[in-house]
A.B. asks: 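Pasting a structure below so you can have a look.
Ligands are counted one by one from 1 in listed order, and the atoms in each one are counted from 1 as well. In this text the structure is predicted, and so the values were computed from the model without any measurement.
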Amino acid sequence: MKLLVIGSGGREHAIAWKLAQSAKVTQVYVAPGNGGTAHEPKVQNLALSDQVALADFAIQEGIRFTVVGPEAPLAAGIVDYFQSRKLAIFGPSREAAQLESSKDFAKQFMTRFGIPTADYQSFTDPDLAHRYVEEQGAPIVIKADGLAAGKGVVVAQSLQDAHQAIDWMLKDQSFGQAGARVVIEACLQGEEASFIAMVDGEHVLALASSQDHKRLGDADTGPNTGGMGAYSPAPVVTPDIHAFVMREVMNKAVKGMAAEGRRYVGFLYAGLMIDPTKTVKVLEFNCRLGDPETQPLMARLRSDLVDLIEAALAGKLDHIEAQWDRRHAVGVVLAAQGYPQAPRVGDPIGGLQNKGAAGCLGQASSLADPASLDRLVFHAGTEERDGALLSSGGRVLCAVGMGDSIKLAQQHAYESMAQIHLDGGQYRKDIAWRARRNHGTSS
Ligand code: AMP
Ligand code: GLY
């Protein structure tokens with residue numbers, strides 16, 4: 001069968017790589033893809049972005065189903081459009097994607113269905129917003145309502161920062177329409193985790209737990225980014241917390257969406273804050289897989305992703321289980337110089353023996369038995385020009401290491417990093433530190 005993946009990041013490289021491993025798959029097209037997907041066996045890039053052209057292509061090629069990576073096409077209604085043309089596509093409709101595309105919608109929805117989240121209020125009037133933060137005090141969190149490519153959240157440590165963020169969003173309209181409304185919520189303390197599931201409208205199949213590292217610098221310092229690394233499993237998600245999140249977050253969300261006529265189908269990602277007393281609250285919903293969480297998750301997924309998605313599209317996720325490699329996976333992101341403010345592009349990337357996911361020394365082919373792989377390199381901001389691999393975005397690639405311990409998985413990821421060269425490239429040296437320090441899994 002032939003499949004189509006929409007997107008160009010590390011997440012989409014990992015999804016395409018995983019789909020291509022299926023014996024049922026002859027070809028995976030990635031639109032538009034990147035320099036890594038261009039070299040993956042059984043994977044081909046497609047220079048199309050317009051949804052009409054993509055649907056025409058899917059019909060012409062007999063694409064079995066399409067998987068959407070990023071939130072923007074989902075919020076723009078690509079699922080509704082593909083369905084109107086009788087094409088199978090895995091992702092939420094535009095209405096259902098509001099769980100991510102409007103933070104105000106998500107907060108109201110969580111309140112309606114008793115899903116645990118921070119107290120909040122929404123504002124369009126800057127004077128009322130300023131008054132509210134004066135009453136509440138700092139620290140406090142200011143969020144643009146709409147999609148802002150991960151940049152629309154300010155965790156204000158002082159009232160001055162909070163006032164500035166309100167003016168920035170509501171008065172200066174730095175995010176345009178996305179910031180015409182702000183959600184102001186209580187600042188939560190604790191450890192974050194990513195809880196990602198597949199949803200078929202009714203049933204929820206949880207994927208393995210993972211944790212992202214949002215800050216640019218070691219020890220979680222510096223500016224927020226799209227994510228500098230991730231690992232799976234995340235020991236902070238204990239079996240009790242897993243059961244709680246399934247019951248109080250995922251099932252409530254899926255039932256609530258269906259009850260309100262917005263059946264949710266697709267990946268559903270709850271960003272969680274878990275405090276020291278193990279109280280769990282939802283920071284946000286995303287209507288997609290996380291990036292970079294997907295890279296370690298796909299490295300660990302032993303089940304055929306085609307089977308899981310077909311079960312989801314048939315409404316039968318209650319009939320299937322996902323098998324996971326018991327090894328740990330650690331993914332370290334290599335970012336360009338100047339990321340996240342002003343990433344430099346066009347730098348040559350050296351040290352990769354193979355331009356697909358089997359990028360590093362010692363890997364025969366990325367289609368080899370996954371159980372024998374312990375190093376993968378998923379590309380994000382890369383492109384090939386005149387035979388040379390060049391950086392083309394802020395997050396350039398993600399090296400994933402697998403190992404029986406977190407330490408070994410880390411070691412494999414960092415050994416790959418040491419081989420790869422990018423002028424001015426930056427990466428964190430401590431991905432998975434929480435798992436090693438807090439949870440005694442340092443062996
Ligand atoms: P979001 O896009 O809503 O996930 O926010 C991005 C990041 O901001 C989160 O991953 C957290 O690190 C931080 N954040 C968001 N909301 C809160 C909150 N209520 N309290 C503390 N930190 C938050
Ligand atoms: N890694 C965080 C996200 O994908 O939103």
A.B. asks: Mark up the atoms of ligand 1 that fall under 4.0 Å of a heavy atom belonging to Lys103, in ascending order.
C.D. replies: 1 (P), 2 (O), 3 (O)
A.B. asks: Answer with yes or no whether Gly226 contacts ligand 2, where contact means a heavy atom under 4.0 Å from a ligand atom.
C.D. replies: yes
A.B. asks: Looking at ligand 1, is there an atom of it that comes within less than 4.0 Å of some heavy atom belonging to Gly271?
C.D. replies: no
A.B. asks: Relative to the heavy atoms of Asn286, which atoms of ligand 2 are at a distance of less than 4.0 Å?
C.D. replies: 5 (O)
A.B. asks: Side chains of Asp127 and His130: do they bring a donor and an acceptor to under 3.5 Å?
C.D. replies: no
A.B. asks: Quick one: which of Glu100, Glu185, Lys281 has a heavy atom closest to atom 19 (N) of ligand 1?
C.D. replies: Glu185
A.B. asks: Distance alone, cut at 3.5 Å: any donor-acceptor contact between the side chains of Tyr269 and Glu293?
C.D. replies: yes
A.B. asks: Which bit of Leu283 gets closer than 4.0 Å to ligand 1, counting heavy atoms only: side chain, backbone, both or neither?
C.D. replies: both
A.B. asks: Distance alone, cut at 3.5 Å: any donor-acceptor contact between the side chains of Gln108 and Asp104?
C.D. replies: yes
A.B. asks: Got an N/O contact under 3.5 Å between Glu284 and ligand 2?
C.D. replies: no
A.B. asks: Ala186 heavy atoms, cut-off 4.0 Å: which ligand 1 atoms fall inside?
C.D. replies: 18 (C), 19 (N), 20 (N)
A.B. asks: Can you pull out the closest protein heavy atom to atom 2 (C) of ligand 2? Residue, atom name and distance to 0.1 Å, please.
C.D. replies: Asp212 OD2, 3.3 Å
A.B. asks: Looking only at protein heavy atoms, which one is nearest to atom 9 (C) of ligand 1, and how far off is it?
C.D. replies: Glu192 OE1, 3.5 Å
A.B. asks: Between Leu188, Val154, Val282, Ile140, which one has a non-hydrogen atom sitting closest to atom 20 (N) of ligand 1?
C.D. replies: Leu188
A.B. asks: For atom 5 (O) of ligand 2, what is the nearest protein heavy atom, given as residue, atom name and distance?
C.D. replies: Arg288 NH2, 2.9 Å
A.B. asks: Taking the side chain from Lys107 and the backbone from Ala118, do they hold a donor-acceptor pair closer than 3.5 Å?
C.D. replies: yes
A.B. asks: Does atom CZ of Arg131 have more than 12 heavy-atom neighbours, drawn from other residues, nucleotides or ligands, at distances under 6.0 Å?
C.D. replies: no
A.B. asks: Any Lys/Arg nitrogen of Asp404 or Arg326 sitting under 4.0 Å from an Asp/Glu carboxylate oxygen of the other?
C.D. replies: yes
A.B. asks: Is it true that Gln410 and His328 share a donor-acceptor pair across their side chains at a distance under 3.5 Å?
C.D. replies: no
A.B. asks: Indicate whether any N or O donor in one side chain lies under 3.5 Å from an N or O acceptor in the other, for Gln295 and His13.
C.D. replies: no
A.B. asks: Which of these, Asp212, Leu272, Val153, Thr117, has its nearest heavy atom closest to atom 8 (O) of ligand 1?
C.D. replies: Val153
A.B. asks: Hey, are Asp275 and Thr277 close enough side-chain-wise for a donor-acceptor pair under 3.5 Å?
C.D. replies: yes
A.B. asks: Measure from atom 15 (C) of ligand 1 to every heavy atom in Lys143, Gln189, Glu284, Arg215 and give the option owning the shortest one.
C.D. replies: Lys143
A.B. asks: Are Gly227 and ligand 2 in contact, using a heavy-atom cut-off of under 4.0 Å?
C.D. replies: no
A.B. asks: Answer with yes or no whether the side chains of Ser232 and Arg300 bring together a donor and an acceptor at under 3.5 Å.
C.D. replies: yes
A.B. asks: Could you list which atoms of ligand 2 come closer than 4.0 Å to a heavy atom of Gly290?
C.D. replies: 4 (O)
A.B. asks: Looking only at heavy atoms, is any part of Arg11 under 4.0 Å from ligand 2, and if so is it the side chain, the backbone, or both, or is it neither?
C.D. replies: neither
A.B. asks: Please say whether the positively charged group of Lys429, taken as NZ for Lys or CZ for Arg, lies over the ring of Tyr427, i.e. under 6.0 angstrom from the six-membered ring centre and within 45 degrees of the axis.
C.D. replies: yes
A.B. asks: Under 4.0 Å from any heavy atom of Lys214, which atoms of ligand 1 are there?
C.D. replies: 10 (O)
A.B. asks: Classify the angle between the aromatic ring planes of Phe267 and Phe90 as parallel (below 30°), tilted (30 to 60°) or perpendicular (above 60°).
C.D. replies: perpendicular
A.B. asks: Name the closest protein heavy atom to atom 13 (C) of ligand 1, giving the residue it belongs to and the distance to 0.1 Å.
C.D. replies: Val155 CG2, 3.8 Å
